[in-house]
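Since the structure comes first, as structure tokens, the remarks are kept for the end.
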Amino acid sequence: GLMIILVGLCPLFAPALLGGLIPGLAGGASAKVDAMGMGVTLLLGQLLPLLAGLAVQRWRPQLAARLLRPAEQGAKLLNAAFLALVCYAQFPSLLAIRPLGFLGMLALVAAGIAIGWLAGGPGGEGRKAMALITAVRNSGVGMVIATGSFAGTDAVSAAAVYGLVGLLAA
């Protein structure tokens with residue numbers, strides 16, 4: 001339920017938030033965020049797979065149980081592929097980041113884990129899921145915003161490296 005809410009709200013709030021923050025942080029520069037493109041990307045990349053999984057779980061629970069292990073393995077494979085691709089594509093950017101930058105990214109991931117844990121409710125599994133999702137969920141949204149609005153800038157490298165740090169830390 002929370003994932004559906006997050007996917008729905010992100011295209012609404014991200015453009016407004018960036019529109020207010022970027023001019024103050026980037027010396028008057030403006031940010032044009034493609035809310036429709038972000039919405040389509042989130043719909044195709046997150047919401048539809050989530051709904052498909054929930055539908056299979058609801059109407060074909062035995063099939064869902066059989067698909068669980070291959071889905072987990074596929075997710076691990078995709079994460080490893082993402083890690084390798086980021087390292088390859090952003091290697092010069094990785095070398096250019098100072099240790100303080102990595103510490104800042106780790107602090108942001110740690111804050112996401114802590115906030116997710118606190119917001120995860122009384123159950124241990126719910127807390128663990130919320131902690132991990134809160135820590136790394138916005139990496140994909142950051143990449144959509146960076147590549148769509150700041151293509152060819154260091155923002156793309158920063159978003160990719162943050163996704164890498166989040167993936168490794170969480």
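Just so we're clear, the structure is a prediction, and the values are computed from it rather than from any experiment. The basis for the numbers below is simple: all heavy atoms, side chains too, and nothing from hydrogens, waters or symmetry mates.
Not counting sequence neighbours, the partners of Gln73 by the side-chain contact (heavy atoms from CB on, under 4.5 Å) test are Arg69, Lys76.
We find the CG-CD1 distance between Leu106 and Ile113 to be 9.5 Å, quoted to the nearest 0.5 Å. Taken to the nearest 0.5 Å, the CG atom of Leu108 stands 12.5 Å off from the CG atom of Leu103.
No more than 12 heavy-atom neighbours from other residues, nucleotides or ligands sit within 6.0 angstrom of CG on Leu100.
Residue Leu63 shares its hydrophobic cluster (ILVMFWY side chains chained together at separations under 4.5 Å) with Val56, Leu67.
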